Amino acid sequence: MGFRALWRWKSRPRGGRPKVSEEFRDLIREMSIANPLWGAPRIHGELKLLGIDIAQSTVAKYIIKRRGPPSQSWKTFIRNHSDCTAACDFLVVQTIGFRLLFAFIVMAHGRRELLHIV
């Protein structure tokens with residue numbers, strides 16, 4: 001009985017944050033489904049504009065989690081933008097006569113061609 005009383009005392013409710021009503025939880029879920037690009041900060045801001053005082057961490061807990069990444073991967077980004085990107089390099093090469101040769105190279109990624117060499 002003493003052991004039971006000890007654990008009942010240790011696991012008693014101690015207050016904490018008030019429960020979020022089911023109405024607000026449904027509203028948060030509905031907003032996150034209707035606006036898939038909105039994250040917790042944006043939904044939190046919209047709820048504040050509506051006069052609902054709720055923590056951003058609580059909003060993050062109740063939004064619908066997405067399975068995929070929120071945006072495209074780097075591989076997809078490079079593939080989509082390779083035609084309009086270029087790489088440049090500046091290097092110093094020592095010649096046979098021990099002179100320094102400065103080279104500046106610009107290469108287009110789309111066709112893998114040299115655009116500029118100095």
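Along the sequence shown, residues are numbered consecutively beginning with 1. Keep in mind it's a predicted model, so treat the numbers as computed, not measured. Just so it is clear, the values below take in all heavy atoms, side chains as well, and ignore hydrogens, waters and symmetry mates.
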For residues [X] and [Y], report the shortest heavy-atom separation together with the two atoms involved.
| X | Y | result |
| --- | --- | --- |
| Gln56 | Pro41 | NE2-CG, 3.2 Å |
| Phe24 | Val20 | CB-CG1, 3.8 Å |
| Gly110 | Asp83 | CA-OD1, 3.7 Å |
| Thr76 | Ser73 | OG1-OG, 3.1 Å |
| Met31 | Trp38 | CE-CZ3, 4.0 Å |

* Assess whether side-chain contact (heavy atoms from CB on, under 4.5 Å) is satisfied between Ile63 and Ile43, documenting all intermediate values. => CA-CA 9 Å; Ile63 62 174; Ile43 294 175; 3.8 Å; yes

* Asked: Quick check: does any side chain N or O of Ser11 sit under 3.5 Å from a backbone N or O of Trp7, one acting as donor and the other as acceptor?
  ->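 Confirmed, Ser11 side chain pairs with Trp7 backbone.
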
* **Main-chain N/O of Trp9 paired with Arg12 side-chain donor or acceptor, under 3.5 Å** =>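 Yes.
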
Separation between [atom1] of [X] and [atom2] of [Y], rounded to the nearest 0.5 Å:
| X | Y | atom1 | atom2 | result |
| --- | --- | --- | --- | --- |
| Arg112 | Ser82 | CZ | OG | 8.5 Å |
| Arg79 | His109 | CZ | NE2 | 15.0 Å |
| Arg14 | Lys10 | CZ | NZ | 7.0 Å |
| Ile52 | His44 | CD1 | NE2 | 10.5 Å |

Just so I know, are the side chains of [X] and [Y] near enough to count as touching, which here means a heavy-atom distance under 4.5 Å?
| X | Y | result |
| --- | --- | --- |
| Gln94 | Arg99 | no |
| Phe104 | Ile117 | no |
| Arg25 | Ile28 | no |
| Glu30 | Asp26 | no |
| Leu47 | Leu27 | yes |
| Cys88 | Ile105 | no |

Decide whether [X] and [Y] are clustered together by the hydrophobic rule: side chain heavy atoms of Ile, Leu, Val, Met, Phe, Trp, Tyr closer than 4.5 Å, transitively.
| X | Y | answer |
| --- | --- | --- |
| Leu115 | Phe90 | yes |
| Ile54 | Leu49 | no |
| Leu37 | Val59 | no |
| Val93 | Leu114 | yes |

* Asked: Given a cutoff of under 4.5 Å between side-chain heavy atoms of I, L, V, M, F, W and Y, with clusters grown through shared members, what are the other residues clustered with Ile64?
  -> Ile33

* **Co-members of the apolar cluster containing Phe77 [side chain, <4.5 Å]** => Trp74, Ile78

* Counting only heavy atoms not in Glu113, do more than 12 fall under 6.0 Å of its CD? ->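 Yes, enclosed.
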
* **More than 12 heavy atoms of other groups within 6.0 Å of Asn80 CG** => yes

